[in-house]
There are 2 protein chains.
Amino acid sequence: MSASKRDELVQKALKVFYQEGFHATGMDKLVAETKISKTSMYKHFRTKEDLILATLRLRDEQFRNFMIRRAQELSSTPEEEILAVFDALSEWFKEDKFKSCMFIKASSEYQNPEHPIHAVSAEHKRLIKVYFKELADKAGLKNTEELSRKILLLKEGAIVIAHLHRDIDPSIDAKEAVKALIDTHRA
Amino acid sequence: MSASKRDELVQKALKVFYQEGFHATGMDKLVAETKISKTSMYKHFRTKEDLILATLRLRDEQFRNFMIRRAQELSSTPEEEILAVFDALSEWFKEDKFKSCMFIKASSEYQNPEHPIHAVSAEHKRLIKVYFKELADKAGLKNTEELSRKILLLKEGAIVIAHLHRDIDPSIDAKEAVKALIDTHRA
DNA sequence: GACAAGGTGTACCGATCAGTACATATCTTG
DNA sequence: CAAGATATGTACTGATCGGTACACCTTGTC
């Protein structure tokens, strides 16, 4: 049972689930897409839900890595980095394969707060808020708890609108709004 | 073919789709829930998709009616009304049956921008943005186009976070953020 | 090369999916 | 009350769902 086969499955399943949705993607489609047999899949993951959870954990890591790394590349101070996050988002929105946030979609299909998929999605958002808070602290701003929550709202709103109104780039508005908010949180 | 039966079907289907999701709700479940036979359903709607579209159109009307009416009740000037929207949202978030925004979820399950369900969801958000713009105009603010888009971002972000972090009420943060934004858009 | 162990593919399971055929019931109009 | 039309319930269709039984095939070890 090669671990690489498992990784390959998770990576390809991640792409299909992200593009097509969770309920809309059957295990048979994954077999066709990955050329991995169903038996092997169920050797690695007891249920479809377990596979989904694995893809979400990979996505969490990949997405936060991308966002943070790109924001750091585009900035030179913590305060700039907060704003640069929205430039990174803008790049993401422009990708052809952009189809909203995987965790918003996951929590849309698995709505029960007790559901593990919902819980993993909530944790992802919490980690992003923590990232904003740490940046705001480094930038020497005040009320960073509140500020980071507000920035998170603008980020999530931008993703939702980018998905629904593909002709608009909401990251520009979001970035400007964040600028104004930061000014109200200076020490 | 009574029109009231049709309305009854749409109303009950709306509740079930909202609570359980679209792909997760089979027509047989709707039969069990509404006590309306499948034959009758398919007399009123050619496909499940048509029924979903009908529920979304009803939801659009119901939700905007609620939001606007409640915001007006809680305010006495256009500027106050903008802020009062977030008090109305707060009330909505606190309802037990609150399960995020039906249109965010619809566009999560029907991601193709060309899909009618996606289009109806996009239009719903556009109408809400127009409402914010009209309020901002009445309030005598400047750059109301940009401002209304920013307010929309905060509203959508608040909905997403209210759904994922049920122990938090993001409408408070959103409202404060809107206050700060309005100040930057004064004539 | 014999043999066990474990990964793989096929072909299948009952359940459920969206949608329909058809027979029965109910209502409208003479 | 009779006849035609419309609404309804049951019982079904082929397709697909998540998941599994089982035969096959590769691999390491002796």
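Quick note on labels: first sequence line is chain A, next is B, and so on, each numbered from 1.
- A residue-by-residue look at A:A24 and B:K35 shows that B:K35 has its nearest nucleotide of DNA chain D further toward the 5' end.
- At whole-Å resolution of the value, CE in A:M27 and P in C:dC13 are 20 Å apart.
- In terms of phosphate contacts, A:S37 brings no side-chain nitrogen or oxygen within less than 4.0 Å of OP1 or OP2 of C:dT8.
- Within 3.5 Å, a donor on the side chain of B:K38 pairs with an acceptor on the base of C:dG19, or the reverse.
- Across the protein-nucleic acid pair, A:M41 atom CE and C:dG9 atom P stand 10 Å apart, rounded to whole Å.
- Of the side-chain N and O atoms in B:S40, one or more sit less than 4.0 angstrom from OP1 or OP2 of D:dT8.
- Within the cation-pi definition used here (under 6.0 Å to the ring centroid, within 45° of the axis), A:R64 does not qualify as a partner of A:Y131.
- Between B:W92 and B:F63, the distance separating the two ring centers is shorter than 6.0 angstrom.
- Here C:dC17 presents its P atom at 12 Å from NE2 of B:H23, a figure rounded to the nearest Å.
- Nearest-nucleotide assignment on DNA chain C puts the 5′-proximal partner with A:T39, out of A:T39 and B:K48.
- With rounding to the nearest 0.5 Å, the separation of NZ in A:K105 from CZ in A:F22 is 7.0 Å.
- If you chain together hydrophobic residues whose side chains sit under 4.5 Å apart, B:L56 and B:F66 fall into the same group.
- Each of D:dT20, C:dC17, C:dT20 was ranked by its minimum atom distance to the side chain of B:Y42; first place goes to C:dT20.
- Following rounding to the nearest Å, A:L9 (CG) and C:dG7 (P) show an atom-to-atom distance of 15 Å.
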